[in-house]
Amino acid sequence: MNKRLVIIDGNSLMNRAFYALPDLMNKEGLHTNAIYGFTTMLFKIIDNYNPTHISVAFDLKAPTFRHKQYEDYKAGRKKMPDELRMQVEPLKELLDAFNIHRLEIEGFEADDIIGTVSQFAEKEGFEVFIVTGDKDAIQLASNNTKVLITKKGLSELEEYDYDEVLKKYELTPFQLIDLKGLMGDKSDNIPGVPGIGEKTGIKLLKEFNSIENLVQNIDKLKGSVKKKIEENIDLALMSKRLATIVRNIPVEINIDALKLEDCDEERIIKLFNKFGFNSLIGRISSNKNKENKIVNGKYISFKEIDRLIEEIKNKKYMILKTVSKEGELLDENIIYLFITLDGENIYYIKEKESILKLKEVLESTDIKKYGYKLKEDYISFRSYNIILKNMNFDIAIAEYLIDATSSSYSHDNIAAKYLGKKVVSKEELLGKGKNAKKYEDLDEYVLIDYFSNILNIIVNVKDKMEDKIREYNMEKLFYDVEIPLIEVLGYMEFEGFKVDIEKLEELKEEYTLLIANLEKDIYSLAGEEFNINSPKQLGVILFEKLNLPIIKKTKTGYSTNAEVLEKLKNEHPIIEKISEYRQIVKLKTTYVDGLLNIINRKSGRIHSSFNQTITTTGRISSTEPNLQNIPVRLEIGRNLRKVFISDEKHVLLDADYSQIELRVLAHICKDEDLIDAFLREEDIHTSTAAKVFDVDVKDVTSEMRNAAKAVNFGIIYGISDFGLSKNLNIPVKKAKEYIDNYFNKYPKVREYMDNVVDNAKKNGYVTTILNRRRYIPEINSKNFVIKNLGKRLAMNTPIQGSAADIIKIAMVNVFNKLNEKKLRSKLILQVHDELIIEAHESEVDIVKDILKTEMEKALQMSVPLKVDLSLGKSWYEAK
DNA sequence: CCACCGTGCAA
DNA sequence: TATTGCACGGTGG
């Protein structure tokens, strides 16, 4: 096999990464962007170049021979920033864990080490790849040595070999040294010959080959060039010496030491955990531990199930995981059911009759269920008429409470974090994208290994997670709110929301027609046809062809968003048409077509997926489709709500919290005036307006109320004068005045905001009323913009998150009440501060009472919670 | 084919 | 240079 050596210039690549990536920080305040960039680059290089040998060269602090020759060498170069310096040692530690050799030689720069080793390796028959961000290294390119220079930050590598250099510079790699001798180099403070630049330098070298030869033949030169060279011969020769990378450092080179070895996987995972690089854990690949199997699964036949059931009843708990086919939600899709009690002996069954035999224990409220993504299991069992009861521990949800800012709660990430083990991830098992496989395509033994691992992980991380949950005072949040909520969300998803398909089809036709007409109008106003949906093409039409004033730019071109169009509407009649077009297209593509696509044809209902581990604040999110952003503000969009209807003999009951976030704020900060306003049931925006504008409540105009409303929003989001000014379209100074007025009138709010920011700085996190926690590393960033973002997150998260806590409590209590009373009415949707129940006609009064009572008493606070109720056959009517 | 961008909908 | 989300079509690697 070919021997391939990769040598990386460690300092150079770290530098590139540091400046190319945004500031990242782990929980201990260690900046990590350079390490992160370096590591992703390292993975990429190993993947793409498949080296047999690899090494990273670093500069040491000591002065090099160049400094001794020329004391101003690299003078004026700015010092390495602390945020970068602190990353050097951790990176070296990481390289050690990778078992990647480091080359460091006192008195020599990384360049020289690379030059020497690459020359040696080349002679030994290696194919050599040098990775660096420093173009000086191009002088090392040859037929067997490729120099790879980072481009565009870090995303690309530009390859130079001998021919490539010749093509690009019209000089050989060696002549690049002479060129630098003539031109000098500002960044290294190499003087060169004053007055000679790239153009002249290349011309001279093409004629004379080298500086030495040029000096010999100086008579052949004339004019000012001759004079400049003559006066600076020594300078040129010294500059060349400084620019020359040494290729013969007198050291012994043991190339075998550079062999790419197996990495120390556990140590890498520990370091990745420390750095917060969860996403990179999956990319570690090592030859040892290739065997990912932790435990084996055992098939259990129908006959043996009784024994398993007895054991489960004895232990009063079980760990389980269903594996389901994709397909209709309402069909019986389970292909495997895995069960364990100890994490070592893993049982699985495949037959429906076996599953049904387990119904008794699955539905038993006596037997605790531990799992991973239990909502999926709940839904899978529903099709078999099995209601999974007493779900008690879900490791994904536990991890979400432990760290809500994590990007993934996959079993493999959890295993890496808690057990230091790397197991096959879902993506590794199934692949991704169009060619992704399905569980049912895989061999049974592969699936058994995979799911046995998951069950083993559940058992082994549960106690550790419980300890954390206790330590963080989240037991109530976890066991009384999040865990019971799993069933509620599974239920809402399984039941779905009925839709009027015919009505949706009608809207589709109506919109299609409207869009066609608007298209025609727009083309004729523009004088040509183009793709109106393309911001790029639209930009050309508006700002180049029609010469309308450019209001705002995006990073890729002109901005054409609604805000910009609003400002342009009096400039040209095409603008209004485009706004209207955008509006209808949005409604048609996202809502009409989107919803039609996703209706379950069997139930005639929409089964949105409700996710409990997505948001950083504790809210629930909704996908496929997102039922939490159905239009309401404008009548034309609001019409869509007419397609969301109740079943026969049912009506929709819609209950929403009034001003829940401002009430939460009043409760948390204990501002007497704010609390009073709610106790007196005042219109909160009006009473804020009266305070901010210092007028009597009865003199508050609608403009004043609107401004106050924006201020209230601003307070919740973490206020900035700039943001408020943009929102209200007023000068920043004016906005600042409003904010100052607000804080003067509600001093406790200011106090609270200051406190929460201080706490976030001190602890690294903020909490909600139920001790939900969010880490905010941004707040200690040295970057002004990010730091300010951190402050706003610190101010907003406790408010948004506490409101999320409250409605989650309400959901669980409402759901339990409906069950207790054996009602036929169904909780089918939550939209952050709103619950929707599809209520049976005969139950309307009792359900109204349940909704209002349970929502309002969800949490006792120093202000009352208020719920508004309405009812109708469609969501449109019930709002 | 995929990732990203610009856009726009909700609380 | 206001918080949290999701989904669409276009674009370019």
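Note on naming: letters A, B, ... go to the chains in the order of the sequence lines (proteins, then strands), and numbering restarts at 1 for each one.
A side-chain contact (heavy atoms from CB on, under 4.5 Å) with A/Ile836 holds for exactly one of A/Leu827, A/Asp654, A/Leu627; it is A/Asp654.
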For nucleotides 5-11 of chain B, 5' to 3', base contacts (B), sugar-phosphate-only contacts (S) and non-contacts (-) with protein non-hydrogen atoms under 4.0 Å give SSSBBSB

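A/Leu793 comes within contact range of the sugar-phosphate backbone alone, with a heavy-atom separation under 4.0 Å but no base atom that close. Residue contacts for A/Leu724: at a heavy-atom cut-off of 4.0 Å it reaches a base atom on one of the strands shown. Among the heavy atoms of the strands lying under 4.0 Å from A/Ser622 are primed sugar atoms or P, OP1, OP2 only; no base atom is included. Residue A/Asn727 is in base contact, counting any heavy-atom pair closer than 4.0 Å across all strands shown. Using a 4.0 Å heavy-atom cutoff across all strands shown, A/Ala710 reaches at least one base atom of the nucleic acid. In this structure, A/Glu624 reaches the sugar-phosphate backbone alone: every heavy-atom distance under 4.0 Å involves primed, P, OP1 or OP2 atoms, never a base.
Taking the side chain of A/Thr589 as heavy atoms from C-beta on, and the options C/dG9, C/dA2, C/dT4, the nearest nucleotide is C/dG9. Nearest to the side-chain atoms of A/Lys432 among the listed nucleotides C/dC6, B/dA3, C/dG10 stands B/dA3.
A side-chain donor-acceptor contact under 3.5 Å links A/Thr797 and A/Arg774.
Not counting sequence neighbours, the partners of A/Ser408 by the side chain to side chain donor-acceptor pair (under 3.5 Å) test are A/Ser410, A/Asn413.
Comparing the same atom, C1', in B/dC4 and in C/dA2 gives a spacing of 24 Å after rounding to whole Å.
Each of A/Arg774 and A/Asp721 was assigned the nucleotide of DNA chain C with the nearest heavy atom; the assignment lying further toward the 5' end belongs to A/Asp721.
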